[in-house]
Each structure stands twice: as C-alpha cells, then as structure tokens.
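Just so you know, residue 1 is the first one in the sequence shown, and it goes up from there.
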Amino acid sequence: MDFVLWVCRVMHVFSVVVWIGGLIFLNAILHPISVYHQQTRMVTVLEAQKRFLPFVWSSLWTVLVTGVLLMLLSPRFLWFDYSTTWSQLLAVKQVAFALLVFFSWQSAKVFARMEEAVAEEGDIFEGWRLGLQKLLRRSIFWGIVGLMCAGGMAVV
C-alpha cells in the first residue's frame, strides 16, 4: 500500500509541475517574446501552444486519478466533513482543480478560434489572443492556490 501511495504522490506532483509549469512558460516567456518581436501570428508560436494542449489533458487526467486515489486512501478523509483544516484545504484544492479544468477547456476553445482568425485581417486574432492570455493567468493563479493548499495539507 505504501508503494501505491508513493507512486500516486510522485505522479500527482509531476503532472501538476508539467501543467502549471507549462502555463507559466507560455505566459511568462513565449507570449512576451512573440509580442515583443510582433510575431504573435507566427506559425511556430501557434504550433508551440497547440503542442502543449495534449500535455494539459494528459496532466489533467493524471491529476484527477491520482488525486482521487490519494484522497480515498488518506485516513483523514471523511465524506462531506469540513470540520478540520485539512479537509477545508482539500475542498479549496478541489475547487481550484475544477476551475483549472474549466479554464483549460475554455483555453482550448479560444485557441481553436485563434487558429481560424489567424488568416483574417483585423483585430479578431488579437482579441482571441488577449482572451487566451487572461485564461492562462487565471489558470496560473488557481494552480498556485491549489499548490499552496497541497502544501498546507502536508503541514497540517
């Protein structure tokens, strides 16, 4: 049983690092560089963002499965009991995960619109690009909230 818990923890942490780290890379490195060089419509930039989407979905499913296993195998977990600090942090972490799933789904839809608008003239592409950046920033925020809750759960 200890091995299963260890594997779940490692996979959970690794998937979160890939997911949130990739979002931070896109938001803090790729987007500013492409804006600075005025190459936001460049095929390479769009392909890099498109290539990241499967990593998001695989990380999402891994975090979901390992998170449920870790939750169910924890002796502290009680269904619908939010009387302890640990269970309150778990609830906030679950809300953060649900918001991350929603924002990732929205980001995929916005990115599809960006791909359609790349050939069109006008500000349509720029509007979708700015919308994607807002979604990425919200995802990063809620990812950090989830990480802080996980840290708090480990300490409490």
Would a single hydrophobic cluster contain both F55 and L100, if residues Ile, Leu, Val, Met, Phe, Trp and Tyr are joined by side-chain heavy-atom contacts under 4.5 Å?
yes

How long is the gap from CH2 on W105 to CG on L135, to the nearest 0.5 Å?
11.0 Å

Treat each ILVMFWY residue as a node, draw an edge where side-chain heavy atoms are under 4.5 Å apart, and state whether L26 and F141 are in one component.
yes

Once side chain to side chain donor-acceptor pair (under 3.5 Å) is applied, do any residues pair with D81, and if so which ones, sequence neighbours excluded?
S83

State yes or no: do V156 and V13 share one hydrophobic cluster built from I, L, V, M, F, W and Y residues joined by side-chain heavy-atom distances below 4.5 Å, directly or via other members?
no

Sequence neighbours excluded, the answer for side-chain contact (heavy atoms from CB on, under 4.5 Å) partners of M148 is I144

Looking at S15 and M11, would you say the former's side chain and the latter's main chain have a donor-acceptor pair under 3.5 Å?
yes

K134 meets the salt bridge (charged side-chain N to carboxylate O under 4.0 Å, His left out) criterion, sequence neighbours left out, with none

Do R76 and M153 come within less than 4.5 Å of each other through their side chains, counting heavy atoms only?
no

Are Y82 and L90 packed together at the side-chain level, in the sense that at least one heavy-atom pair is separated by less than 4.5 angstrom?
no

Linked, directly or transitively: V68 and W19 (ILVMFWY side chains, under 4.5 Å):
yes

Heavy-atom closest pair, residues A150 and K93
CB-NZ, 3.9 Å

Please enumerate all residues that pass side chain to side chain donor-acceptor pair (under 3.5 Å) together with S87, with sequence neighbours excluded.
T84

Of all the heavy-atom pairs spanning L69 and C8, show the shortest one and how long it is.
CD1-SG, 3.7 Å

Return the minimal non-hydrogen interatomic distance between L60 and F97, and the atom names on each side.
O-CZ, 3.8 Å

I want to check something: taking the side chain as every heavy atom from C-beta on, are L64 and W61 in contact at a cut-off of under 4.5 Å?
yes

So do the side chains of I33 and I29 get within less than 4.5 Å of each other, counting heavy atoms only?
yes

The reported gap from CH2 in W142 to CG in L23 (rounded to nearest 0.5 angstrom) is 15.0 Å

Measure across L53 and F111 and return the closest heavy-atom pair with its distance rounded to 0.1 Å.
CD1-CD2, 4.0 Å

Find the distance between CD1 (I24) and CZ (R137) and round it off to the nearest 0.5 Å.
12.5 Å

Just verifying a value: how many Å separate N27 CG and I140 CD1, rounded to the nearest 0.5 Å?
4.0 Å

Do L136 and F103 make a side-chain contact, defined as non-hydrogen atoms from C-beta onward lying under 4.5 Å apart?
no

Search all heavy atoms of S59 against all heavy atoms of V18 and return the closest pair with its distance.
OG-CG1, 3.6 Å

Do you know which two heavy atoms are closest between L89 and C149, and how far apart they sit?
O-CB, 3.7 Å

Assigning hydrophobic clusters by single linkage (Ile, Leu, Val, Met, Phe, Trp, Tyr; side-chain heavy-atom cutoff under 4.5 Å), is V7 placed with L73?
no

Residues two or more places apart in sequence or in another chain: which of them pass ring-ring contact (aromatic ring centres under 6.0 Å, His included) with F77?
W79

Say you draw a straight line from CH2 of W128 to CD of Q133; how long is it, rounded to the nearest 0.5 Å?
15.0 Å

Pair listing, side chain to side chain donor-acceptor pair (under 3.5 Å) test, anchored in residues 62-71, at least two apart
H12-T66

